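The structure appears below as structure tokens.
Remember, it's a predicted structure, so these values are computed and weren't measured experimentally.
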Amino acid sequence: MTEIKKWELLRSQLVFNNPWCRVRRDEVRLPNGHQIDDFFVNVRPDLAVVFALTERREIIFVRQYRHGVGEILLELPAGAFDPAVESAESAARREFTEETGYAGDRFIPLASLHDNPVKDTNKVHLFLVENVKKIGEQVLDITEEIELVLIPIETVRDRIQTGEICVAGTVAATFLALQLLAAQNP
């Protein structure tokens, strides 16, 4: 079996730097000696995703327009953050409350996953929080128009299988949370 080796970074330059999009151009040498002069990388903030259950065992989802795919999608509350400035849990708590008006006490880390490691730098941090309560109203950004959707926990798998829920981080968080909850309550 051949040993897989990392690419050698020869030069890296930020070629586009905007608050909404940062792109880096890397020059790299592959282990086979081939050189690529323009491998573009999206420098993205990390993301915190929250699987939240109400006392009635309903999962809090948000429905919102996603311009990249041009569709209105059903997903778990989530938000971007800079891990050099804020912890994943702090971002999860903040974003969850801003997007939903709900809060919870104990945020349980489920996993930290690479989002799209081919071209993106960020990680997605997944959390479970139970017994959340409504504490106020949504505090939305100018780009956000969010509808809250409460889904009974026993129907969520069907909604994933039918494609109604189709965002990768949401699906990963949902299955990891369901697995942990099942292990806690056999």
Side-chain angles (χ1 to χ4, degrees), residues 4-28 38-53 59-62 64-69 73-132 135-136 138-146 148 165-181:
I4 297 176
K5 297 178 182 169
K6 291 183 176 184
W7 296 0
E8 178 186 355
L9 180 63
L10 303 173
R11 187 174 321 168
S12 186
Q13 175 186 10
L14 198 59
V15 293
F16 189 78
N17 191 8
N18 177 285
W20 298 102
C21 180
R22 297 175 67 207
V23 179
R24 191 179 77 211
R25 179 178 172 260
D26 289 351
E27 293 179 34
V28 295
D38 58 355
F39 193 92
F40 291 93
V41 176
N42 299 310
V43 181
R44 299 188 55 200
D46 280 11
L47 193 65
V49 178
V50 179
F51 179 98
L53 276 176
I59 307 164
I60 298 177
F61 278 84
V62 293
Q64 59 189 320
Y65 175 72
R66 293 305 199 183
H67 187 68
V69 295
L73 299 175
L74 188 60
E75 57 193 317
L76 292 174
F81 71 99
D82 181 348
V85 175
E86 183 178 21
S87 73
E89 182 179 331
S90 173
R93 287 176 181 278
R94 176 181 48 76
E95 287 289 340
F96 176 65
T97 299
E98 287 176 1
E99 288 190 0
T100 68
Y102 283 77
D105 292 331
R106 189 168 157 239
F107 279 63
I108 302 166
L110 295 170
S112 291
L113 309 172
H114 291 284
D115 191 17
N116 177 13
V118 174
K119 291 282 188 177
D120 295 347
T121 60
N122 67 320
K123 283 189 171 183
V124 178
H125 306 271
L126 312 175
F127 292 88
L128 163 66
V129 59
E130 295 182 85
N131 300 317
V132 297
I135 62 163
Q138 294 170 300
V139 181
L140 303 176
D141 295 335
I142 194 167
T143 60
E144 293 176 320
E145 182 180 357
I146 295 175
L148 294 183
I165 298 170
C166 59
V167 177
T170 289
V171 172
T174 298
F175 280 112
L176 288 169
L178 292 175
Q179 179 182 10
L180 181 61
L181 291 167

[Y] and [X], any side-chain heavy atoms less than 4.5 Å apart:
{"X": "Ile165", "Y": "Thr174", "answer": "no"}
{"X": "Phe107", "Y": "Phe96", "answer": "yes"}
{"X": "Leu47", "Y": "Asp115", "answer": "no"}
{"X": "Val129", "Y": "Tyr102", "answer": "no"}
{"X": "Phe39", "Y": "Lys119", "answer": "yes"}
{"X": "Val132", "Y": "Thr100", "answer": "no"}
{"X": "Gln138", "Y": "Glu144", "answer": "no"}
{"X": "Phe51", "Y": "Leu126", "answer": "no"}

Output the distance between atom CD (Gln64) and atom CD (Glu99), rounded to the nearest 0.5 Å.
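One gets 5.5 Å once the value is rounded to the nearest 0.5 Å.
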Can you tell me how far apart CG (Asp141) and CD (Glu95) are? Round to the nearest 0.5 Å.
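Nearest 0.5 Å value for the CG-CD distance: 7.0 Å.
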To check you understand the geometry: which heavy-atom pair defines the closest contact between Thr170 and Leu76, and what is its length?
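For Thr170 versus Leu76, the nearest heavy atoms are OG1-N, 3.0 Å.
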Neighbour count above 12 (heavy atom, 6.0 Å) for Glu145 CD:
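Check fails, neighbour count at 12 or below.
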With a 6.0 Å cut-off (strictly less than), is the heavy-atom count around CG of Asp105, excluding the residue itself, greater than 12?
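No.
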List, one per line, each side-chain donor-acceptor pair under 3.5 Å for residues 6-15, sequence neighbours excluded.
{"from": "Glu8", "atom 1": "OE1", "to": "Arg29", "atom 2": "NH1", "distance (Å)": "3.0"}
{"from": "Ser12", "atom 1": "OG", "to": "Arg24", "atom 2": "NE", "distance (Å)": "3.3"}
{"from": "Ser12", "atom 1": "OG", "to": "Asp26", "atom 2": "OD1", "distance (Å)": "2.6"}

Residues that Tyr65 engages under ring-ring contact (aromatic ring centres under 6.0 Å, His included), provided they are two or more places apart:
His67
Going by the rule ring-ring contact (aromatic ring centres under 6.0 Å, His included), which residues pair with Phe81 if we only count those two or more places apart in sequence or in a different chain?
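Phe81 satisfies ring-ring contact (aromatic ring centres under 6.0 Å, His included) with His125 once adjacent residues are dropped.
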